[in-house]
Amino acid sequence: MLVMGVVNVTPDSFSDGGLWDDAESAIAHALQLVDEGADIVDVGGESTRPGATRPLVTDELGRVIPVIEALAAAGVTVSVDTMRAEVAERAIAAGARIVNDVSGGLADERMLPVVAASEATYVAMHWRAHSHNMADFAVYDAEDGGVVSIVHAELQARVESIEAAGVDRSRLVLDPGLGFAKKPDHDWSLLRGLDVLAGLGLPLLVGASRKSFVGRLLGDRGALRPPTERDDATLAITTWLALQPAPVWGVRVHDVRGTRDALAVVDRLTRPPLVE
Ligand SMILES: Nc1nc2ncc(COP(=O)(O)O)nc2c(=O)[nH]1
């Protein structure tokens, strides 16, 4: 299971906005995550939390490109977290080897041609435009099999479009998009239904870290547990994922050190004994 560390170079991300919205501190934080055991660093310049105002492309580029250049030059495997083709293109040129597109190619019609023209790995996440329209959620409950079967079908459709655009499936990773156009119950159902999504035959990336469905579980009297106090519960999810018969390709996390600790424990307890 790969560990993808999150570096949001944004002033307004939901869990760590503004902590390192300048290149120098973002680079330092990313290198620290690598020291703590991150296999990949995911650099994002646009907050995806509900209601966030979109930065200009120039602002998003200004945030992520200097960070990606420095990290790639330092030998770090970098993914760029962007919905914009221009940002993906410039990030690949700067050394990013993965394009992490929360829209799965739906937000920018130029994205798939850009990815097709590259050798980058493409993470396509399940997403719905205008995903915070409450009406979107009802459909998950209306149909039998619920959210898992609908996300499976919608991801399958994305895979077909992505392949048709010339991106070989060997470069594809899928992601259920926890917290995007879903209610908390849907997120928990998707975690429990990852084996169904694995039936798509592609690696899965899971981004549960600090998400609001975790905050709601831990909160009391209706209040959400604050994002920075959700890491322990996130580790429990990561541990549970690592114990599944077919563990996912990777987890996208803020707490890399804790994740590595949890995976070390799982490995020690599940590793076949050298001698009986
Ligand atoms: N592939 C993928 N990318 C993502 N990017 C941002 C966020 C929002 O969380 P953040 O604000 O902590 O980055 N979540 C995901 C996710 O779940 N999967």
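Just so you know, residue 1 is the first one in the sequence shown, and it goes up from there. The basis for the numbers below is simple: all heavy atoms, side chains too, and nothing from hydrogens, waters or symmetry mates. Numbering of ligands and ligand atoms starts at 1, following listing order. Every value quoted in this text rests on a predicted model; they were computed, and no experiment measured them.
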Could you say whether the N/O atoms of His254 and ligand 1 ever approach to under 3.5 Å?
yes

When rounded to the nearest 0.5 angstrom, what is the spacing between CZ in Arg97 and CD1 in Ile68?
13.5 Å

Quick check: are there more than 12 heavy atoms from other residues, nucleotides or ligands sitting under 6.0 Å from CZ of Arg271?
yes

Is a salt bridge present between Glu46 and Arg54, judged by a nitrogen-to-oxygen distance below 4.0 Å?
yes

When every non-hydrogen atom of Gly104 is compared with those of Ile162, the smallest separation belongs to O-CD1, 4.2 Å

Does any N or O of ligand 1 fall below 3.5 Å from an N or O anywhere on Arg252, backbone included?
yes

Contact between ligand 1 and Met125 is defined here as a heavy atom of the residue under 4.0 Å from a ligand atom; is it met?
yes

Between Asp231 and Thr234, is there a side-chain donor-acceptor contact under 3.5 Å, judged purely by atom types and distance?
no

At less than 4.0 angstrom from any non-hydrogen atom of Asp175, what atoms of ligand 1 do you find?
1 (N), 2 (C), 16 (C), 18 (N)

Arg49 to ligand 1, any heavy atom closer than 4.0 Å:
no

With a 4.0 Å heavy-atom cut-off (strictly under), which part of Asn8 contacts ligand 1: side chain, backbone, both or neither?
side chain

For Thr48, counting its heavy atoms only, list the atoms of ligand 1 lying under 4.0 Å from any of them.
6 (C), 7 (C), 8 (C)

Assess, by modelled atom type and distance only, whether the side chains of Ser103 and Asp101 contain a donor and an acceptor separated by less than 3.5 Å.
yes

Atoms of ligand 1 under 4.0 Å from any heavy atom of Leu205, numbered from 1 in the order shown, are 1 (N)

Mind running side chain to side chain donor-acceptor pair (under 3.5 Å) on Asp42 and Ser79 for me, showing each step along the way?
CA-CA 5 Å; Asp42 189 37; Ser79 70; 2.5 Å; yes

Could you tell me which atoms of ligand 1, counted from 1 in the order shown, lie closer than 4.0 angstrom to a heavy atom of Val102?
3 (N), 4 (C), 5 (N)

List ligand 1 atoms under 4.0 Å from Lys211, heavy atoms only on the residue side.
8 (C), 9 (O), 14 (N), 15 (C), 16 (C), 17 (O)

Going from CZ on Arg49 to CG on Asn8, what distance comes out if it is rounded to the nearest 0.5 angstrom?
11.5 Å

I'd like to check which ligand 1 atoms, numbered from 1 as shown, lie under 4.0 Å from a non-hydrogen atom of Asn100.
1 (N), 2 (C), 3 (N)

